[in-house]
Amino acid sequence: MKKIFFSLILMMATLQLFAQDNGVEMADTLRNNGKIYVVVICIVIILLGLLAYLFSIDKRLKKIEKESNNGK
């Protein structure tokens, strides 16, 4: 019963968002000027950096786990 009540509250909250039809002026302006590609490239670079960092941490963690298992 709590799940149904909670989902109804969430649906009511999202209905208010559909009532607002502002449009995104900033994205339209960036798209018209061709600068949206700069934004997309920056986001891709940041995500690739994060992924590379996570893979390097995973690699180091596997190395540490392997060394600790060999020592036992």
Side-chain angles (χ1 to χ4, degrees):
M1 190 67 180
K2 289 182 182 180
K3 290 181 183 179
I4 294 172
F5 182 69
F6 186 67
S7 62
L8 283 173
I9 289 176
L10 287 177
M11 286 188 343
M12 292 296 239
T14 56
L15 286 176
Q16 290 178 351
L17 294 175
F18 288 124
Q20 299 175 1
D21 190 26
N22 295 355
V24 183
E25 295 177 17
M26 181 181 64
D28 292 335
T29 305
L30 287 174
R31 196 175 303 119
N32 289 336
N33 293 339
K35 294 181 182 178
I36 193 72
Y37 301 112
V38 175
V39 174
V40 171
I41 288 172
C42 289
I43 291 171
V44 168
I45 289 172
I46 290 170
L47 288 176
L48 287 176
L50 285 172
L51 284 173
Y53 179 68
L54 288 175
F55 280 119
S56 69
I57 287 176
D58 186 49
K59 188 175 180 182
R60 284 187 245 154
L61 185 60
K62 284 182 183 179
K63 182 179 176 184
I64 291 171
E65 287 176 348
K66 185 177 178 182
E67 289 175 0
S68 69
N69 286 339
N70 287 340
K72 287 184 177 181

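Count residues from 1 along the sequence. All values derive from a computational prediction rather than experimental measurement.
Here the side chains of Thr29 and Asn33 are in contact, with some heavy-atom distance below 4.5 Å. Taking 4.5 Å as the limit, every side-chain heavy atom of Val39 sits out of range of all side-chain heavy atoms of Lys35.
The line from CD1 of Ile45 to CG of Leu50 is 12.0 Å long, rounded to the nearest 0.5 Å. Separating the CG atom in Asp28 from the CD1 atom in Ile36 is a distance of 9.0 Å, to the nearest 0.5 Å. Rounded to the nearest 0.5 Å, atoms CG (Leu54) and CG (Asp58) are 8.5 Å apart.
Counted within 6.0 Å of CD1 on Ile4, heavy atoms from surrounding residues, nucleotides or ligands total 12 or fewer; the atom is thus considered open.
Ile43 and Tyr37 fall within a single hydrophobic cluster, where Ile, Leu, Val, Met, Phe, Trp and Tyr side chains are chained together by heavy-atom contacts under 4.5 Å.
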